[in-house]
There are 2 protein chains.
Amino acid sequence: MSIPGDRQRDADRTRAEILDVAMAEFARSGYAGARVDEIADLTSTTKRMIYYYFGGKEQLYIAALEKAYAEVRAVEKTVDVDHLDPVEAIRTLAQLTFDHHDAHRDFIALVAIENVHRAEHIRKSEALANLGAPVLDLISRILAAGHASGDFTTEADAIDVHMMISSFCFFRVANQHTFGALFGRDMTAPEHRERLRTMVGEMVVAYLKGAGV
Amino acid sequence: MSIPGDRQRDADRTRAEILDVAMAEFARSGYAGARVDEIADLTSTTKRMIYYYFGGKEQLYIAALEKAYAEVRAVEKTVDVDHLDPVEAIRTLAQLTFDHHDAHRDFIALVAIENVHRAEHIRKSEALANLGAPVLDLISRILAAGHASGDFTTEADAIDVHMMISSFCFFRVANQHTFGALFGRDMTAPEHRERLRTMVGEMVVAYLKGAGV
DNA sequence: CAGATAATGTACGAACTAGTGAGTTATTTG
DNA sequence: CAAATAACTCACTAGTTCGTACATTATCTG
């Protein structure tokens, strides 16, 4: 019946399939809006397996969140701060953040959803603790270098700068629908992409240089 | 003829009470997460009245959305662009936007929730069409004045500038929980308020002046 | 005041939804 | 190969949730 090497049962594959579907479904409908039965139907397995592998809806949701964060982890690792001058370094970081947000829509949706729930699930997950530290460290070093070189005159805190960059990139994707409805422009449409990508870079650089205010 | 306030039955009051409670509940739990029975229990009337006045859960949600938007409508009307130079005008607008977002948390939550639902309800509401036009008009005039006076050198689009300002103000409130969990700082805490309020003003001004990049 | 109408309360039901009990089959292990 | 275990299926349920039928009472109108 079964072909050797071609397993009919595969725990890893089943688990991964459930998680993939769950991530998409939670991102699409929110935690309360997502249906366990619907998630099950979209897999090649059954609802019972969700409970077998994850225990329940909430644990599945947390697993989906962790997977989403894992996928976007370490943007900052690709910025080679030591070989770039501070201005180019911060601009590059901003634009890489832009690219990452652009490329991970489900992640954005899940974070927005998690905020509706006041981050109660994130707090339950140790896997997601201290995930922010690396970016802050990178920004701190860029800021220090910028002040040392005299390129940056504005006194700024790393967390604040990170928020400035993130807010722009996050909002563009997360609020695309209401923003589009109110202003008649889809900020995530291809024709706006490059302009806004440049803009976020200019924004941080201008802010940190301090426009002689 | 009856004296208002005398009546044991008051359609307007009942309707308004339901709407107030609904707005808070939808903001707290999302559309799918909110419970019609729960909303009813938090009013002094019964669930039957929700259906009597609003027709159903979805219509109630739309009414709550419209109320939320109505409350924050016309921030821009308080900016007296003609008596302020362009730099102060755009800074003032940014900081008023900051104040408004700070003061209307339920509105922010509802907008975030509505984006999870891809703005499908906003589109159903004529009351919310073209609500963005006034701000854009104001920003356009400020930008024009700023370029005429030579204060602004960056070529910028009104919608883009509005997005820049909104994203900062919106993100700070909307993402406070996940941001707090990841970076250990509540950006909405009183001790960060003034600094960030100043920051959003400096950010737009610096961007528009163009830091001699 | 009497009849009409608007506003409200009670009780109930149909459909949905998360979760499970219990048995079955494939795969691994000794 | 036999026993053990991991992976899986199916049918079911307890509780919830939106919505409504129907009765009732206050207020208005002529």
Point to revise | Interface residues of residues 38-54 of chain B with DNA chain C (non-hydrogen, below 4.0 angstrom) | key: B/Thr45, B/Thr46, B/Arg48, B/Met49, B/Tyr52, B/Tyr53

**Study point:** Whole angstrom value for the distance that separates C1' of C/dA18 from CD of A/Glu25
**Key:** 16 Å

**Study point:** Residues that B/His192 engages under side chain to side chain donor-acceptor pair (under 3.5 Å), provided they are two or more places apart
**Key:** B/Arg195

Revision key, fill the gap. Atom NZ of A/Lys57 and atom P of C/dT17 are separated, to the nearest Å, by 9 Å

Check your understanding: Do the side chain of B/Thr154 and the main chain of B/Ala156 share a donor and acceptor less than 3.5 angstrom apart?
Key -> no

Practice item. Determine: side-chain N/O of A/Thr14 to OP1/OP2 of D/dC8, distance under 4.0 Å, yes or no. Key: yes

Practice item. Given ring pair (Phe, Tyr, Trp, His ring centres under 6.0 Å), test B/Tyr207 with A/Tyr207 step by step and report yes or no. Key: CA-CA 7 Å; B/Tyr207 175 74; A/Tyr207 175 74; over 10 Å; no

Review point. Hey, is B/Asp20 close enough to B/Arg15 for a salt bridge, meaning N to O under 4.0 Å?
Key: no

Check your understanding: Taking OP1 and OP2 of C/dA18, is either one under 4.0 Å from a side-chain nitrogen or oxygen of A/Arg35?
Key -> yes

**Study point:** Nearest-angstrom distance from the residue atom CG of B/Asp37 to C1' of C/dC12
**Key:** 12 Å

Exercise for review: Would you please classify the geometry between the A/Phe26 ring and the A/Tyr31 ring as parallel, tilted or perpendicular, with 30° and 60° separating the classes?
Suggested key: parallel

Review point. Side chain of A/Glu71, backbone of A/Ala68: donor and acceptor closer than 3.5 Å?
Key: no

Review point. Would you call the rings of A/Phe179 and B/His162 parallel, tilted or perpendicular, where under 30° means parallel and over 60° means perpendicular?
Key: parallel

Distances under 3.5 Å only, N/O to N/O: pair up the protein atoms with those of nucleotides 1-3 of chain D.
none

Review point. Hey, is A/Arg197 close enough to A/Asp99 for a salt bridge, meaning N to O under 4.0 Å?
Key: yes

Review point. Are B/Asp157 and A/Arg185 close enough for a salt bridge, meaning some N to O gap below 4.0 Å?
Key: yes

Point to revise | DNA chain C contacts among residues 114-124 of chain A, heavy-atom distance under 4.0 Å | key: none

Point to revise | Cationic N near anionic O, under 4.0 Å, B/Glu25 to B/Arg35 | key: no

Point to revise | DNA chain D-proximal residues of residues 16-23 of chain B, any heavy atom under 4.0 Å | key: none

Exercise for review: Would you mind reading off the distance between A/Arg9 atom CZ and C/dA26 atom P, rounded to a whole angstrom?
Suggested key: 6 Å

Exercise for review: Pick base, sugar-phosphate or nothing for B/Ala34, based on heavy-atom distances below 4.0 Å to the nucleic acid.
Suggested key: sugar-phosphate

Review point. Hey, would you say the B/Phe168 and A/Phe168 ring centroids sit under 6.0 Å apart?
Key: no

Point to revise | Between C/dT27 (P) and A/Asp12 (CG): distance, integer Å | key: 14 Å

**Study point:** Any donor-acceptor pair under 3.5 Å from A/Glu17 side chain to A/Ser44 backbone
**Key:** yes

Check your understanding: Listed by chain and number, what are the salt bridge (charged side-chain N to carboxylate O under 4.0 Å, His left out) partners of B/Asp186, not counting sequence neighbours?
Key -> none

Review point. CG of A/Asp10 versus P of D/dA7: gap in Å, rounded?
Key: 9 Å

Point to revise | Any donor-acceptor N or O pair under 3.5 Å, side chains A/Glu114, B/Thr178 | key: no

